Amino acid sequence: MSLQTIIDFLEPVNIARISHDEGFKDTQLGKHIAVYDESFPDITDADMVLVGCGEMRGAGMQYTNTTSPDTIRSEYYKLFHWHTDVKVADLGNVKCGATLQDSYAAMRTVVSELIEQRKKVIIIGGSHDNTTAQYQAYGSLNRIIDAVCVDSRIDLDMDSELAADHFLVDMFTGMPNYLKHYTHIGFQSYFMHPQMLETINKLGFDCYRVGKVKEAIEEMEPPIRNSNMFSFDIAAIQYAHAPSNHITPNGFNGEEACTLMQYAGMSQHCSSIGIYGYIPELDSHNLTAKQVSHMLWYVMDGINKGKQEAALDNRSEFDEFTMAFAEVETVFLRSKRTGRWWMQLHDGKNVACSYHDYLTASRNDIPERWLRAVERS
C-alpha cells in the first residue's frame with residue numbers, strides 16, 4: 001500500500017462548491033491548505049490531514065453523500081490562519097461503497113496508510129459507527145491502542161439494529177483485539193443503564209460523566225494525551241451549540257468541545273481524530289458546521305502547542321519531584337514548557353497525569369489514575 005494507491009478510494013474536493021466561487025483571502029485557511037482538487041498534493045510536511053466521510057447508513061439514513069464534510073469545509077476554510085507552523089492537507093472524501101462494510105474497508109485503508117506515514121488524520125462527517133473503521137486501521141497495522149470516545153451515550157445497545165448504536169461491542173469483544181484501554185468522556189446518566197457502567201468498570205475501562213468533566217475539564221487532558229485514537233460524536237454537545245445534535249439538549253458547550261479537541265491536537269500519541277454525527281439537514285444557519293470548524297481550528301492550536309514540548313528523556317526541560325506514597329516511591333515530572341505532568345509507574349514507565357494527581361500523592365494517598373494504570377500494566 002502507498003499514498004498513490006489510496007487515491008483510488010478518494011474523491012477530490014470541489015473547491016468551487018466549498019468557496020461558493022468567491023475564493024479565499026490570503027489570511028484565511030483556505031489559502032494555506034494543500035488540497036486534493038485537480039491533483040494529489042504533497043503531504044510530506046503535513047502535520048494534520050483531513051479526510052471527509054459521507055457514510056450515514058450505520059445511523060439508519062439510507063443515503064451517502066458528501067454534503068456533511070463539505071459543509072464543514074466551507075466553514076473551516078473561512079477561518080483565519082494563525083498557526084503558520086502547522087501544515088494542513090485535505091485529501092477529499094473517502095468514497096462510499098456498495099455496502100456499509102465496503103465503506104468501512106475504504107476508510108480503514110486510507111486511515112491506516114496515513115497513520116503509517118506518521119500523519120495525524122482528522123475524519124469529518126459520517127455517523128459515529130465509522131469509528132469502527134478508524135479502529136480497524138490500527139488493527140491492520142497490528143497496533144495495540146488506547147482509545148478515547150466523547151459521546152452522550154455509550155454505544156453498546158445490542159437491542160438496536162443500527163450499527164451506530166452498538167459498534168463498541170465489536171471494539172470491546174472482537175478477536176483479535178487491539179484495544180488496550182478505553183476511556184469514555186461525557187456520558188449522560190439518564191441515557192445509561194446502571195449495569196452497563198458496572199460492565200465497563202469490570203473491563204477496567206474509564207468512564208466520566210459529563211457533569212464531572214465540566215467541573216474539571218483539565219483532568220481529561222491526561223487520558224487524551226495517552227490515547228492513540230480519539231472519536232467525538234457531536235451528540236455530546238448541547239443542542240444550543242450544535243443544532244444538528246437531535247439527541248439531547250444537554251452536554252458540553254462549544255468552548256468545552258474545543259478544549260477537548262485542543263488536548264487531542266497536543267497529544268504526540270494521538271494519530272487519528274474523528275468528528276462524527278453531523279447531519280446538515282438538521283442544522284440551523286450552519287451553526288453545527290461552524291462549531292466543528294472551530295474544533296478543527298483548535299486541533300491546529302493543540303498541534304502548535306504540542307510542538308513546543310520537550311522529549312521526556314530531556315530531563316533538563318522538566319521539574320522532577322521524587323516522593324513516596326503508601327510505601328511506593330515514584331517520580332513526578334512537570335514540563336517547564338507546557339506545565340503538563342507525568343508520573344512514573346512501578347515498572348519505570350512514565351504516563352500522563354495531572355497536577356491533581358501530584359497533590360494527591362503529596363498527601364500520601366495513592367492517585368486513582370496511578371492505581372488504574374498499574375492494574376493495566
Side-chain angles (χ1 to χ4, degrees), residues 146-155 181-201 203-227 230-242 245 247-267 270 273 275 277 291-292 294-295 298-299 301-302 305-306 325 332 334-335 338-343 351-373 375-376:
D146 284 9
V148 171
C149 185
V150 182
D151 195 354
S152 59
R153 299 182 295 184
I154 301 176
D155 296 312
H181 186 60
Y182 175 81
T183 301
H184 195 99
I185 295 173
F187 78 89
Q188 296 175 28
S189 300
Y190 33 75
F191 289 141
M192 306 301 306
H193 193 292
Q195 289 180 348
M196 185 182 292
L197 294 180
E198 293 175 15
T199 301
I200 296 286
N201 192 54
L203 290 169
F205 297 156
D206 295 322
C207 289
Y208 298 94
R209 186 169 55 84
V210 65
K212 294 293 290 183
V213 177
K214 290 166 81 73
E215 286 174 11
I217 196 168
E218 66 277 2
E219 290 298 309
M220 295 302 101
E221 191 275 329
I224 294 175
R225 194 192 331 160
N226 280 332
S227 72
F230 185 82
S231 174
F232 196 114
D233 190 333
I234 57 111
I237 306 174
Q238 297 168 5
Y239 173 84
H241 293 259
N245 161 23
I247 303 297
T248 171
N250 296 307
F252 295 115
N253 62 35
E255 294 88 343
E256 289 161 343
C258 288
T259 297
L260 294 172
M261 297 304 290
Q262 183 190 52
Y263 293 157
M266 289 177 69
S267 171
C270 187
I273 299 170
I275 308 176
Q291 172 66 47
V292 175
H294 296 174
M295 292 162 69
Y298 269 94
V299 173
D301 189 66
K305 284 182 166 62
F325 54 86
F332 281 82
R334 181 180 62 193
S335 170
T338 64
R340 296 191 295 179
W341 289 80
W342 283 261
M343 59 185 173
V351 296
C353 69
S354 68
Y355 178 55
H356 176 74
D357 296 315
Y358 167 75
L359 290 179
T360 300
S362 67
R363 294 192 296 267
N364 201 32
D365 292 327
I366 301 177
E368 185 179 357
R369 203 188 311 272
W370 188 91
L371 196 60
R372 292 183 74 88
E375 289 173 352
R376 294 194 298 269

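This structure is a prediction, so every number in the text was calculated from the model and none was measured.
At most 12 heavy atoms of other shown residues, nucleotides or ligands fall within 6.0 angstrom of atom CD in Glu368. In Tyr298, the OH atom is not crowded: 12 or fewer heavy atoms of neighbouring residues, nucleotides or ligands sit closer than 6.0 Å.
Take Tyr182 and apply the side-chain hydrogen bond (donor to acceptor under 3.5 Å, both in side chains) test, not counting sequence neighbours, and it matches His184. Partners of Arg334 under the salt bridge (Lys or Arg N to Asp or Glu O under 4.0 Å) rule, at least two apart in sequence or in another chain, are Asp319.
Taking each heavy atom of Ile247 and Phe191 in turn, the nearest pair found is O-CZ, 3.9 Å.
A donor-acceptor distance shorter than 3.5 angstrom exists from the side chain of Thr199 to the backbone of Gln195, with no hydrogens or angles considered. Using a distance-only test at 3.5 Å, with no hydrogens or angles considered, no donor-acceptor pair links the side chain of Asp301 to the main chain of Gln262. Of the possible donor and acceptor atoms, none in the side chain of Arg225 sits under 3.5 Å from a partner among the backbone N and O of Cys270. Judged purely by atom type and a 3.5 angstrom limit, Gln238 uses its side chain to pair as donor or acceptor with the backbone of Gly251.
Aromatic ring pairs are classed by plane angle as parallel below 30°, tilted from 30° to 60° and perpendicular above 60°; the pair Trp341 and Tyr358 is parallel.
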| task | Start with the C-alpha distance between Lys305 and Thr338, add both sets of side-chain angles, then the distance that settles side chain to side chain contact (heavy atoms under 4.5 Å, CB included), and finish with yes or no. | result | CA-CA 8 Å; Lys305 284 182 166 62; Thr338 64; 5.8 Å; no
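Shown are Arg369, Lys212, Arg376; of these, the salt bridge (Lys or Arg N to Asp or Glu O under 4.0 Å) with Asp206 is made only by Arg376.
Note on residues 248-261: pairs passing salt bridge (charged side-chain N to carboxylate O under 4.0 Å, His left out), not counting sequence neighbours, are Lys214-Glu256.
For the residue pair Thr360/Asp357, the side-chain donor-acceptor check at 3.5 Å is not satisfied.
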